[in-house]
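Below is the structure I would like to discuss, written out as structure tokens.
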Amino acid sequence: MRDILGERDDAIPDRPTRVVEPSRESQLPKRFYETADVAEEDGVYTVVLDGRPVRTPGKAKLVFQRSAVAQAVSDEWAAQGARIDPMTMPLTRLANTAVDGVVTDPQAVKEDIIRYAGTDMLCYRADSPDALVERQRQSWDPVLDWAQTALSARFVLAEGVMHVAQPPESIAAFGFHVNAVADAMELAALHVMTSLTGSAVLAMAVYKAELTGDAAWALAHLDEDWNIEQWGTDEEAEARRANRYKDMMAACLVASAGE
């Protein structure tokens, strides 16, 4: 065996130690400020760290039209410990996305939301068991009824996962309301809610103040909650859902300015 492998290098220990990967926390940037506050000037609000305005990764200044949103962002910065963890700052991340991304191409974001409406989760129903079918009907039908009345958008239902084409006039009617969203942060929030729930209709219902964020969240997880009732859940799934919920509530705070 020694002839095959060659002479052993005496510099290599008999029991090599495992390379320890640096922890995620150690790679986060250190907190560089003492205080986080909100400054108001000419009717707009900025978050300031030790008196200096927060800027996006693209170096743009974050400006907010509503003091409540600015204060919530400031609270995220104030709550940071020795290191700054962006994953604990959903509002800041949303605002960065709006300023650095949505502002430059809002139409692409609008079109993506409208595409979601073409395959909206609320339209795809289980064919069994009967109890789940009835729960979906009682919970989701009122939201689609609202969309037909308030948005002039009538959606067609389907069983299972087979695609069903929605009436073009319904998508056009829904698109009218999406295209009416002029504020980049509200549009970013609408997109976040849509992607998290799988339903552009639920997101629009929150934006239009028809549903609370918590109500929309519960409706979006109706099937998941049904499965949990039958089979239980696990800690990793619960943690992922908790993180998504924080992102949802951040988007709801911004989107509540919609109406």
Side chain proximity check, Tyr45 to Ser74, heavy atoms < 4.5 angstrom:
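Tyr45 does not reach Ser74 side chain to side chain.
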Please assess Phe155 against Val164 for the test side-chain contact (heavy atoms from CB on, under 4.5 Å), listing each intermediate value before the final yes or no.
CA-CA 10 Å; Phe155 289 91; Val164 57; over 6 Å; no
State, with a plain yes or no, whether a side-chain heavy atom of Val192 is found less than 4.5 Å away from one of Thr194.
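With C-beta onward as the side chain, the pair stays apart.
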Start with the C-alpha distance between Thr56 and Asn96, add both sets of side-chain angles, then the distance that settles side chain to side chain donor-acceptor pair (under 3.5 Å), and finish with yes or no.
CA-CA 5 Å; Thr56 70; Asn96 287 340; 5.1 Å; no
Would Phe32 and Val47 show up in the same hydrophobic cluster when neighbours are defined by side-chain heavy atoms closer than 4.5 Å?
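As far as the 4.5 Å side-chain criterion goes, Val47 and Phe32 are connected within one cluster.
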Linking I/L/V/M/F/W/Y whenever any side-chain heavy atoms sit under 4.5 Å apart, do Leu132 and Ile228 land together?
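Looking at the clustering, Ile228 is in a separate group from Leu132.
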Transitively linked via ILVMFWY side-chain contacts under 4.5 Å: Leu222 with Tyr116?
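Hydrophobic grouping puts Leu222 apart from Tyr116.
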Flag, side chain of Asp50 to backbone of Thr35, donor-acceptor distance under 3.5 Å
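Present.
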Salt bridge Arg241-Asp225, side-chain N to carboxylate O under 4.0 Å
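Counted as a salt bridge, because a side-chain N and a carboxylate O are separated by less than 4.0 Å.
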Is the backbone of Leu219 close enough, under 3.5 Å, to the side chain of Trp140 for a donor and an acceptor to pair up by distance?
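Yes.
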For the backbone of Ile84 and the side chain of Lys30, can you confirm whether one donor and one acceptor N or O come within less than 3.5 Å of each other?
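It does not hold such a pair.
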Is the backbone of Leu28 close enough, under 3.5 Å, to the side chain of Arg83 for a donor and an acceptor to pair up by distance?
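Looks like yes, one N/O pair under 3.5 Å.
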Give a yes or no on whether Leu94 and Met87 share a hydrophobic cluster (residues Ile, Leu, Val, Met, Phe, Trp, Tyr; joining criterion: side-chain heavy atoms under 4.5 Å apart).
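Unlinked, Leu94 and Met87 end up in two clusters.
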Test item: side-chain donor near acceptor, Gln80 and Thr88, under 3.5 Å:
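Yes, a side-chain donor-acceptor pair sits under 3.5 Å.
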Between the main-chain N or O of Tyr33 and the side-chain N or O of Arg31, is there a donor-acceptor pair closer than 3.5 Å?
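Present.
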Does Pro167 reach the side chain of Arg154, with side-chain heavy atoms less than 4.5 Å apart?
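Side-chain contact under 4.5 Å: yes.
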Does any non-hydrogen side-chain atom of Gln166 lie less than 4.5 Å from one of Cys123?
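Yes - at least one pair of side-chain heavy atoms lies under 4.5 Å apart.
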Criterion side-chain contact (heavy atoms from CB on, under 4.5 Å) on Asp214 and Met249, from CA distance to verdict:
CA-CA 8 Å; Asp214 280 313; Met249 292 302 104; 4.0 Å; yes
Closest approach of Ala36 to Trp77 (non-hydrogen atoms, all atoms of both residues):
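Looks like CB-CB, 3.9 Å.
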Do Met204 and Leu190 have side chains that approach each other closer than 4.5 Å (heavy atoms only, starting at C-beta)?
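Heavy-atom side-chain distance check passes, below 4.5 Å.
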Thr46 side chain near Glu41 side chain, heavy-atom distance below 4.5 Å
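They are not in side-chain contact.
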If you look at every heavy atom in Arg137 and Pro142, which pair is closest and at what distance?
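For Arg137 versus Pro142, the nearest heavy atoms are O-CD, 3.9 Å.
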Using the salt bridge (charged side-chain N to carboxylate O under 4.0 Å, His left out) rule, take Arg135 and Glu229 through it: C-alpha gap first, then chi angles, then the decisive distance, then the call.
CA-CA 13 Å; Arg135 186 179 296 187; Glu229 290 172 16; 3.0 Å; yes
Taking only residues at least two apart or on different chains, which pairs with a member in residues 85-96 satisfy salt bridge (charged side-chain N to carboxylate O under 4.0 Å, His left out)?
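Passing the test, one end in residues 85-96: Arg24-Asp85, Arg93-Asp247.
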Is there side-chain contact between Glu169 and Phe174, with at least one heavy-atom pair below 4.5 Å?
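No - every pair of side-chain heavy atoms lies 4.5 Å or more apart.
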Do you know the tightest heavy-atom contact between Val133 and Ala126?
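Closest heavy-atom pair between Val133 and Ala126: CG2-O, 3.2 Å.
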Mark yes or no for whether Glu76, through its side chain, and Thr92, through its backbone, hold a donor-acceptor pair below 3.5 Å.
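Looks like yes, one N/O pair under 3.5 Å.
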Determine whether a donor-acceptor pair (N or O, by modelled atom type, separation under 3.5 Å) exists between the side chain of Asn179 and the backbone of Gly175.
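Indeed, once roles are kept as given, a pair shorter than 3.5 Å links the two residues.
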One pair to check against side-chain contact (heavy atoms from CB on, under 4.5 Å): Leu91 and Val254. What are the steps and the verdict?
CA-CA 8 Å; Leu91 271 169; Val254 175; 3.6 Å; yes
Ile171-Leu157 co-clustered via ILVMFWY side chain contacts under 4.5 Å:
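Per the 4.5 Å side-chain linkage, Ile171 and Leu157 are co-clustered.
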Residue among Asp130, Asp120, Asp223, Asp141 satisfying salt bridge (charged side-chain N to carboxylate O under 4.0 Å, His left out) with Arg125:
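The salt bridge (charged side-chain N to carboxylate O under 4.0 Å, His left out) with Arg125 is passed solely by Asp141 among Asp130, Asp120, Asp223, Asp141.
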Examine distances only and state if a side-chain atom of Thr149 and a backbone atom of Asp145 form a donor-acceptor pair shorter than 3.5 Å.
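Checked: pair present.
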Is a donor on one side and an acceptor on the other found under 3.5 Å between the side chain of Glu210 and the backbone of Trp146?
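Looks like no, no N/O pair under 3.5 Å.
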Considering all heavy atoms of both residues, which atom of Ser170 and which atom of Ala153 are nearest to each other, and what is their separation?
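Shortest heavy-atom contact: O-CB, 3.6 Å.
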Quick one: do Val143 and Leu122 satisfy side-chain contact (heavy atoms from CB on, under 4.5 Å)? Show the steps, please.
CA-CA 9 Å; Val143 184; Leu122 299 186; 3.8 Å; yes
Side chains of Leu151 and Lys208: closer than 4.5 Å at any heavy-atom pair?
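Result yes, sub-4.5 Å side-chain heavy-atom pair found.
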Looking at Leu187, is its backbone amide N or carbonyl O close enough to the side chain of His191 to form a donor-acceptor pair, meaning the two atoms are under 3.5 Å apart?
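Not at all, since once roles are kept as given, no pair shorter than 3.5 Å links the two residues.
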